[in-house]
Number of protein chains: 2
Amino acid sequence: MAEMREPTFLVLTVLADGPRHGYGIIRDVAELSGDRVKLLPGTLYAALDRLVAQGLVEHVRDEIAEGRLRRYYSLTGAGLEALRAETARLRQLATVAEARLRAVNPRLA
Amino acid sequence: MAEMREPTFLVLTVLADGPRHGYGIIRDVAELSGDRVKLLPGTLYAALDRLVAQGLVEHVRDEIAEGRLRRYYSLTGAGLEALRAETARLRQLATVAEARLRAVNPRLA
DNA sequence: CCAACATATATTGGTTGTCAATATATGCGC
DNA sequence: GCGCATATATTGACAACCAATATATGTTGG
């Protein structure tokens, strides 16, 4: 699996909690990231199409709520595995960088 | 500061340990990542130019070792801060995703 | 009542960082 | 002398993202 960027990672993370529709994902990503990441429509819908094509996400159903169409998406098994792998990679990156940063501090103190 | 990709992040992480020349960064990044990330020359030198232009890295000196030129680069104060911020962001991402993944497991077991 | 705003999906054009490939040159080992 | 590690550099292509715009419905406030 190729490199995954932050917006894509957060989409998968949100979907790990259960099916969501596009706009719901935008809201949840904003909340999950403390309003740091606000997905733009172009980013989100392109990401969903891509993730479906990659088999990490599937389009599960459509709903009409309050007159508006909602397209629901869900994580696949492969998507869950990809999220696990990606999370482990991020954790490892943070861990090695933190070790280096701890080693740097004393020299500056 | 805009989004930082993995190769760029690892370059900063390596430089947190002290000045390095380009090829040394390539070697250290490979080692640091357990051979998972092997920087290509195009990626590295473009990243160094960009980081210098952004003020996160500076070109400190040149050496000639065994007949070959070595261009040494070092983290700036801004670069160290950027690395700290980026590391915190990665840790936060990993943490929230891990929480969701822990919540998902029981439903599947 | 209508204007602004939230909800909801979609497309288009541009930017950016990376990959892939190629280039050049030196030192070392076989 | 040939290949390999060392060392820097450039070019073209691609993938994901941002910015902007578009369309349409429901809700809320003046």
Side-chain angles (χ1 to χ4, degrees), chain A residues 1-14 19-31 33 35-54 56-57 59-73 82 86 89 93, chain B residues 1-15 19-31 33 35-54 56-57 59-73 82 86 89-90 93:
Chain A
M1 189 63 51
E3 202 194 0
M4 192 182 299
R5 309 268 293 265
E6 185 172 43
T8 300
F9 177 77
L10 288 170
V11 167
L12 295 188
T13 302
V14 162
R20 295 281 192 287
H21 66 285
Y23 196 78
I25 296 174
I26 293 179
R27 270 195 274 99
D28 285 10
V29 162
E31 190 196 342
S33 69
D35 269 352
R36 193 170 51 76
V37 180
K38 294 176 204 288
L39 292 186
L40 299 170
T43 302
L44 174 70
Y45 295 108
L48 286 176
D49 290 346
R50 187 183 355 113
L51 290 168
V52 167
Q54 290 173 342
L56 304 188
V57 164
H59 174 223
V60 280
R61 69 176 181 278
D62 288 340
E63 275 183 14
I64 303 213
E66 292 159 4
R68 294 185 213 88
L69 175 66
R70 287 179 173 175
R71 306 181 70 82
Y72 277 80
Y73 294 89
E86 218 23 41
R89 200 197 100 221
L93 285 176
Chain B
M1 189 63 50
E3 204 194 359
M4 195 181 296
R5 309 272 291 268
E6 184 173 44
T8 301
F9 178 75
L10 288 170
V11 168
L12 295 187
T13 303
V14 162
L15 290 181
R20 295 280 192 286
H21 66 285
Y23 197 78
I25 296 174
I26 292 179
R27 271 194 273 98
D28 284 10
V29 162
E31 190 197 341
S33 70
D35 270 352
R36 194 171 50 76
V37 180
K38 295 176 205 286
L39 293 185
L40 298 170
T43 302
L44 175 71
Y45 294 109
L48 286 175
D49 289 346
R50 187 181 358 110
L51 291 168
V52 167
Q54 290 173 343
L56 304 187
V57 164
H59 174 223
V60 281
R61 68 176 183 278
D62 288 341
E63 274 182 15
I64 303 213
E66 292 158 5
R68 292 186 214 85
L69 175 65
R70 287 179 173 175
R71 307 179 69 81
Y72 278 80
Y73 294 88
E86 216 28 36
R89 199 198 100 223
L90 292 183
L93 285 176

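Lettering of chains follows the sequences in order, A, B, ..., and the numbering in each one begins at 1. Computed from a predicted structure; not experimentally measured.
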Return the value, rounded to whole Å, for the distance between atom [atom1] of [X] and atom [atom2] of [N].
X	N	atom1	atom2	value
B:E86	C:dG17	CD	C1'	13 Å
A:Y45	D:dT23	OH	C1'	12 Å
B:I64	C:dA25	CD1	C1'	12 Å
B:L44	C:dT18	CG	P	10 Å
B:I26	D:dA7	CD1	C1'	8 Å
A:H21	D:dT25	NE2	P	17 Å
A:L40	C:dT9	CG	P	15 Å
B:E6	D:dA16	CD	C1'	15 Å

Contact under 4.0 Å: [X] side-chain N or O vs [N] OP1/OP2:
X	N	answer
B:R27	D:dA7	yes
B:T8	C:dG17	no
B:R70	D:dT6	no
A:R50	D:dC17	yes

If you look at every strand shown and take non-hydrogen atoms under 4.0 Å, does [X] touch a base, only sugar-phosphate, or nothing?
X	answer
B:G22	sugar-phosphate
B:P41	base
A:L69	sugar-phosphate

Next on the checklist: Between the base of D:dT8 and the side chain of B:R71, is one N or O donor paired with an acceptor at under 3.5 angstrom?
Outcome noted: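 Side chain to base: no pair present.
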Next on the checklist: I'd like to know if B:R68 reaches the base of D:dT6 with its side chain, counting only an N/O donor and acceptor under 3.5 Å.
Outcome noted: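 Such a pair exists between side chain and base.
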Checklist entry - Are more than 12 heavy atoms from other residues, nucleotides or ligands located less than 6.0 Å from atom CD of A:E63? => result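 Yes, enclosed.
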From [X] atom [atom1] to [Y] atom [atom2], the distance as rounded to the nearest 0.5 Å:
X	Y	atom1	atom2	result
B:L48	B:L15	CG	CG	7.0 Å
A:S33	A:L39	OG	CG	8.0 Å
A:I26	A:L44	CD1	CG	5.0 Å

Checklist entry - Judged by atom type as modelled, is there a donor-acceptor pair below 3.5 Å linking the side chain of B:E3 to the main-chain atoms of A:E6? => result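 Yes, the answer is positive, given that a donor and an acceptor are paired below the 3.5 Å cut-off.
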Checklist entry - Which nucleotide in the set D:dC17, C:dT9, C:dT18 lies at the smallest distance from any side-chain heavy atom of B:T43? => result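 Ranking D:dC17, C:dT9, C:dT18 by closest atom to the B:T43 side chain puts C:dT18 first.
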Checklist entry - Mapping A:E66 and A:P7 to their closest nucleotides on DNA chain D, which lands nearer the 5' end? => result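 Result: A:P7.
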